[in-house]
There are 2 protein chains.
Amino acid sequence: MSTTSSTFNPGKGNGEPVGIAILGHGTVGSEVLRLLNKYEDDLVHRIGGAFELKGVAVGDLAKVRPGVPKELFTDDAMELINRDDVDIVVEVIGGIDYPHEVVLAALRAGKSVVTANKALVAAHSAELAEAADEAGVDLYFEAAVAAAIPVLGPLRRSLAGDRVLSVKGIVNGTTNFILDAMDSTGASYDDMFAEAQRLGYVEADPSADIDGHDAASKAAILASLAFHTRVTSDDVYCEGISNISATDIKAAQSAGYTIKLLAICERLIDDNGQETVSARVHPTLVPRSHPLASVDKSFNAIFIEAEAAGRLMFYGNGAGGAPTASAVLGDIVGAARNKVHGGRAPGESTYASLPIADFGDVETRYHIDMEVDDRIGVLAETAAVFSDRGISLRTVRQEEGGEDHARLVIVTHKAKESDLAATIESLNNLPAVKAVNSVIRLEGE
Amino acid sequence: MSTTSSTFNPGKGNGEPVGIAILGHGTVGSEVLRLLNKYEDDLVHRIGGAFELKGVAVGDLAKVRPGVPKELFTDDAMELINRDDVDIVVEVIGGIDYPHEVVLAALRAGKSVVTANKALVAAHSAELAEAADEAGVDLYFEAAVAAAIPVLGPLRRSLAGDRVLSVKGIVNGTTNFILDAMDSTGASYDDMFAEAQRLGYVEADPSADIDGHDAASKAAILASLAFHTRVTSDDVYCEGISNISATDIKAAQSAGYTIKLLAICERLIDDNGQETVSARVHPTLVPRSHPLASVDKSFNAIFIEAEAAGRLMFYGNGAGGAPTASAVLGDIVGAARNKVHGGRAPGESTYASLPIADFGDVETRYHIDMEVDDRIGVLAETAAVFSDRGISLRTVRQEEGGEDHARLVIVTHKAKESDLAATIESLNNLPAVKAVNSVIRLEGE
């Protein structure tokens, strides 16, 4: 296979500094600006050439932004992007539609793009990658997943000679903070949500975090890179944490588990040897002894299992202005190096094009908490519902219930989602079952 | 700064497959060969072009090597390296002198080199980097530190826009196995060394592992990349683990610590604001609550602290055929991509050229275990020796001693190595001190 002229970047080679434009001046944008300035001497050496900040596009020019020369700001992002002396466009705006428009425009104008926008990448990776390829420029987005924790780079490069089996991780700091706080205090979801809000961990619209959509975008990106297959956020099964109760946490604790919101990307192989890819986000029981269980506060951690490398873990700050800016700056240096010296970063790789698994075929274990009649024979009736669907039980614990009912806590062996769903439906129809309080999936040995 | 023709690699562009030569067919070499074959289809896609294994150089052609076509083997490494159709040379021989010779020859012949050889890189990085630059080729060595755990890539690329403050890690599996086994069983060093030997964790010549030289090579490589400064193994202060006794482990445990062999690379700033770089390897007390304390068996883990990113941890298998081969293959894909598409990986970066700190100026805390006369006033006399050198004490524990002596276990606040050394000398001359049993450094809060 030979290189085509459209993907070949011979480098600037004209001695001009690499021109950088930043779109957005919020928490991340202002930190990127500060660090570009602070580390300028170092960055010039690391790039192997000079760079120059050409402008910062903002929505509101009237807003006071101390410490930055006013003439750098513009409210005309398109004009800034299209300037001849701009080589790299850094998108740190947030949202999807407008970033989509400006990032596409930048790529089509032959600018390399660095973005921290997980929602954008997860929704439009194919279109963006195609535009980057056509223009022969780079599209970098390390900051989109777990901020400064290097995980996309390792997946793209370090593990390029290996076969990734699974990627499992805590990739949303807000929900981890809430679940960790519930676990350590015994408090309710509502109280710990309020606490997270008080500490500034919760966005104005909390749903992206709480309902798991932020983690689902990251899962889509991780699965795409890990399995060389295009996975978008629509392909990711997603459940948030707002139904997790203090009772669930307590039940998890007494069985030796803690509850984490995990993004789980797996390579599955069916009985015919057909490989598929699954990506899902949901609250998950994790054994206390598992390294992910000790990831506290708003930290992130990602477990990668690869055939030759074995198990790897990456841990750190997965959010915040400075950690996100660190990842953005690393990408800027990469894109600028290529502008100066030629060459391109590995682009989108979707050659494997594995089918997305039907969610009903995904197998995992389940922790089921229910209220049943307090009489002899109920346990046998309930167990029969599971065995009818071919689901075998690992543990059954009978706990103290109320006046007229008992509480059953069941942990299953591995079972298919479709079988489990049918089982829950049957349980709900069983006269002896008063209520299925919660069904939570379970990972780890 | 413009690109020079010598550092510019325009790519092959001739449609020929990338030719790969492997030097060495031991544990790692045979695994590289196996995986190149097994993953061939994937690798072609990830490289963006075909590759071909041109030959494997071995010392003994007569040795039976099942599963590999005999015609691939040669005992003439130089002839193989210099073949026109070889683009990438993979060095997995081990040792220093011969690899040094062949790797240099390969680079000078315009071949990109992938090596897993930490001792070679730590001893000769400057000369190798210069040869790679002159030929405009790549020199990759991700596998040299912590095998498949991606840490050099992240330091070179992901953190290229940040300022690394320290790198601390467990980078030798053999010594971690022994110390972990001593910690969990209470057994002696000799017994657990024998156990490690029985399990195949110990090389024929164990001194590289046990005396810390292997870890010191890795520390030199990590410090070089982290601080953009040339650090060789000669610059690394190095103490091994063979003096660690079961008593030391027990004393550490009762104070809430475990003992690990750490490689510690730090950016130091003196009172005049002058930055220096320190790299050292020694047994270290680590608080049980520190993530490095829970790294058991032969696992590796590396902590990186950077100004913007904060604290990052990387964890996994740091040795073994498959994990090392995984890293080597990742590097082969990187080097092959550049051969096909043009561009070069970031090369040696030593622009900062920070001075190496005088070891006497390095500051840390110390855990000192000594035998003293069992009489009133000894504690005051001993404490005075410390305060005379300006060293303040954090905890002093008096433990049960023998018939005629007491045991004092002291933990200091941060102090300079030179002051501590002088203090120990004074203690040894103090009539009240019968023996200083052990001095072990201490990290973490």
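Protein chains get the first letters and strands the later ones, always in sequence-line order, with residue 1 at the start of each. What you are looking at is a predicted structure, and each value in this text was computed from that prediction instead of being measured.
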- Message: Is B:Ile332 in contact with chain A via its backbone, its side chain, both, or neither, using a 4.5 Å heavy-atom distance?
- Response: neither
Pairs under 3.5 angstrom only: tabulate donor-acceptor contacts from the side chains of residues 296-308 of chain A to other protein residues two or more places apart or in another chain.
{"from": "A:Glu307", "atom 1": "OE1", "to": "B:Lys38", "atom 2": "NZ", "distance (Å)": "3.0"}
{"from": "A:Glu307", "atom 1": "OE1", "to": "B:Tyr39", "atom 2": "OH", "distance (Å)": "2.5"}
{"from": "A:Glu307", "atom 1": "OE2", "to": "A:Arg163", "atom 2": "NH1", "distance (Å)": "3.0"}

- Message: What part of B:Ala143 gets within 4.5 angstrom of chain A, counting heavy atoms only: side chain, backbone, both, or neither?
- Response: neither
- Plane angle bin for B:Tyr351 and A:His45 - parallel if under 30°, tilted between 30 and 60°, otherwise perpendicular: parallel
- For B:Pro346, is it the side chain, the backbone, both or neither that has a heavy atom under 4.5 Å from a heavy atom of chain A? both
- Item | Among the listed options B:Arg46, B:Glu31, B:Met313, the residue most often paired with chain A at heavy-atom distances under 4.5 Å | B:Arg46
- Message: Any non-hydrogen side-chain atom of A:Phe314 less than 4.5 Å from a side-chain atom of B:Pro150?
- Response: yes
- Note on the structure: So the ring pair (Phe, Tyr, Trp, His ring centres under 6.0 Å) pairs with at least one residue in residues 150-171 of chain B (sequence neighbours excluded) are none
- Task: Look up atom CG in A:Leu312 and atom OG in B:Ser326, then write down how far apart they are to the nearest 0.5 Å.
- Result: 7.5 Å
- Message: Heavy-atom pairs under 4.5 Å with chain B - which of A:Ala160, A:Ala148, A:Pro291 has more of them than the others?
- Response: A:Ala160
- Query: With only heavy atoms counted, which part of B:Leu35 is less than 4.5 Å from chain A, the side chain, the backbone, both or neither?
  - Reply: side chain
- Query: With chain A, which of B:Arg157, B:His228, B:Glu142 has the greatest number of heavy-atom pairs at distances under 4.5 Å?
  - Reply: B:Arg157
